[in-house]
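Accompanying notes for the structure given below.
Order of the sequence lines sets the chain letters (A, B, ...), proteins ahead of strands, with each chain counted from 1.
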There are 2 protein chains.
Amino acid sequence: MARASTTSDAFNAVAEPRRREILIYLAGAERPVGAIVAALGLEQPSVSKHLRVLRDVGLVRMRCQGRQKLYRTNSEAIRPLHEWAGMFERYWLHQLNRVKELAEATVRQGPADLNFPNQNLKEKNT
Amino acid sequence: MARASTTSDAFNAVAEPRRREILIYLAGAERPVGAIVAALGLEQPSVSKHLRVLRDVGLVRMRCQGRQKLYRTNSEAIRPLHEWAGMFERYWLHQLNRVKELAEATVRQGPADLNFPNQNLKEKNT
DNA sequence: ACATTACATTCCCATATAGGAATATGTCAA
DNA sequence: TTGACATATTCCTATATGGGAATGTAATGT
């Protein structure tokens, strides 16, 4: 099997850096395609294709106004990403505490020998 | 050009659903590969390959213990995702307020005609 | 030394891009 | 109608998968 489609979910859609830029650009206000092209310096067909992906997963909304189409970010669709990543918050807070405690312990004991920095470890880390 | 490599950054790495599952499973404690295989019901080579991707972008750490290799999630590496998605928080809060205000206004006015739900809109939405 | 356990890597392949170029579609203006 | 403007879509192609199967490799037990 190949990689999942970019339109399969928000995670796949935002994997592309340009699509993330577009989402940020369209977060505050709706803009016509031409404005995105000008602001991000991309080719117009490229922007249209990215917008198509973003629409398919609900990350942007579109409205027609005369001959232009106004896009804006649907921030609600980004919440699942935020919440998924947020599940790990308690763990990175723990890691920060451990680093802090280690630093304080090191100050009390004096610095470790930098030539053998792993002398106190039983297993090698990666 | 093709899609960016899954190892190009954390965004691309977590686009794969199985890799997200692995990260959650390895968030609380380090586990040998066999435990992941058993817990998630994937083929062992598949798990090894996913772990390789996750390691390349720093989303997991590995430690050798005898013949097994213990992996754990490096939650710190998920923070950038959380923070990127967090940039949109103020916008989805605004959207929620607008929906709430609209609902309250609707209650005051009575419900709109469901057969012509767009009768008050000048442009068509998508 | 040999078999076993625990992982990692390689090979093969169907599939899905993302970008560039060219073209199609839809809207407004004269 | 004709032309200009704003977007969208199609075609083409190099590239990167992810899964399955098979194989490689390192560590341990006997």
Side-chain angles (χ1 to χ4, degrees), chain A residues 1-23 25-26 30-57 60-72 122-124 126, chain B residues 1-23 25-26 30-57 60-72 122-124 126:
Chain A
M1 208 186 294
R3 225 199 291 203
S5 166
T6 54
T7 56
S8 53
D9 57 40
F11 285 94
N12 278 281
V14 304
E16 168 64 41
R18 272 64 186 272
R19 283 196 286 266
R20 290 201 297 279
E21 292 178 11
I22 291 175
L23 287 173
Y25 182 66
L26 296 176
E30 56 181 8
R31 307 276 191 190
V33 178
I36 308 173
V37 171
L40 304 188
L42 304 174
E43 299 293 325
Q44 176 266 312
S46 184
V47 170
S48 280
K49 281 182 280 191
H50 284 314
L51 288 171
R52 180 74 178 146
V53 171
L54 293 172
R55 268 187 63 180
D56 283 351
V57 295
V60 299
R61 304 290 187 182
M62 188 262 281
R63 183 169 71 93
C64 294
Q65 184 182 61
R67 58 183 132 182
Q68 42 189 17
K69 311 210 175 178
L70 303 178
Y71 285 84
R72 69 185 160 78
K122 292 188 176 172
E123 309 293 342
K124 300 153 209 158
T126 302
Chain B
M1 210 184 294
R3 229 200 290 200
S5 167
T6 55
T7 55
S8 54
D9 57 41
F11 285 94
N12 278 279
V14 304
E16 168 64 41
R18 272 63 186 274
R19 284 196 285 267
R20 290 200 296 279
E21 292 178 11
I22 292 175
L23 287 173
Y25 182 67
L26 297 176
E30 54 181 9
R31 309 277 191 192
V33 178
I36 307 172
V37 171
L40 303 190
L42 304 174
E43 299 294 325
Q44 175 267 311
S46 183
V47 170
S48 280
K49 282 183 278 191
H50 284 313
L51 288 170
R52 181 73 179 147
V53 172
L54 293 172
R55 266 187 63 181
D56 283 352
V57 296
V60 299
R61 304 290 188 182
M62 188 262 281
R63 184 169 70 93
C64 295
Q65 185 183 60
R67 59 181 133 182
Q68 40 189 20
K69 313 210 173 178
L70 304 178
Y71 286 83
R72 69 184 160 79
K122 292 189 176 170
E123 309 293 341
K124 301 155 208 157
T126 302

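You'll find the side chain of A:Leu40 stays beyond 4.5 Å of the side chain of A:Val47, heavy atoms only.
The phosphate of D:dA16 (OP1 or OP2) has no side-chain N or O of B:Ser5 nearer than 4.0 angstrom. In this structure, B:Tyr71 reaches the C:dA8 phosphate: one of its side-chain N or O atoms is under 4.0 Å from OP1 or OP2. Phosphate proximity of C:dG19 to A:Ser46: present, with a side-chain N or O under 4.0 Å from OP1 or OP2.
At a cut-off of 3.5 angstrom, counting only N and O atoms as typed in the model, there is no donor on one side facing an acceptor on the other between the side-chain of A:Gln44 and the base of D:dA6. Applying the 3.5 Å distance criterion, the base of C:dG26 shares no donor-acceptor pair with the side chain of A:Lys69.
The interatomic distance linking B:His50 (NE2) with D:dT17 (P) rounds to 12 Å, in whole Å. Residue A:Asn12 contributes atom CG, which lies 15 Å from atom C1' of C:dA18 at whole-angstrom precision.
Closest-nucleotide positions on DNA chain C for B:Arg52 and A:Lys49 were compared, and the one nearer the 5' end corresponds to B:Arg52. Each of A:Arg19 and B:Val33 was matched to the nucleotide of DNA chain C holding its nearest heavy atom; the match closer to the 5' end belongs to B:Val33.
Nucleic acid contact class of B:Pro45 (heavy atoms, under 4.0 Å, all strands): base. Looking at heavy-atom distances under 4.0 Å, B:Gln68 makes contact with sugar-phosphate atoms alone, never a base. At a threshold of 4.0 angstrom between heavy atoms, the contacts of B:Ser48 include nucleobase atoms, whether or not backbone atoms are also involved.
Relative to the side chain of A:Arg67, the nucleotides D:dG29, C:dT17, D:dC5 differ in distance, and D:dC5 lies closest.
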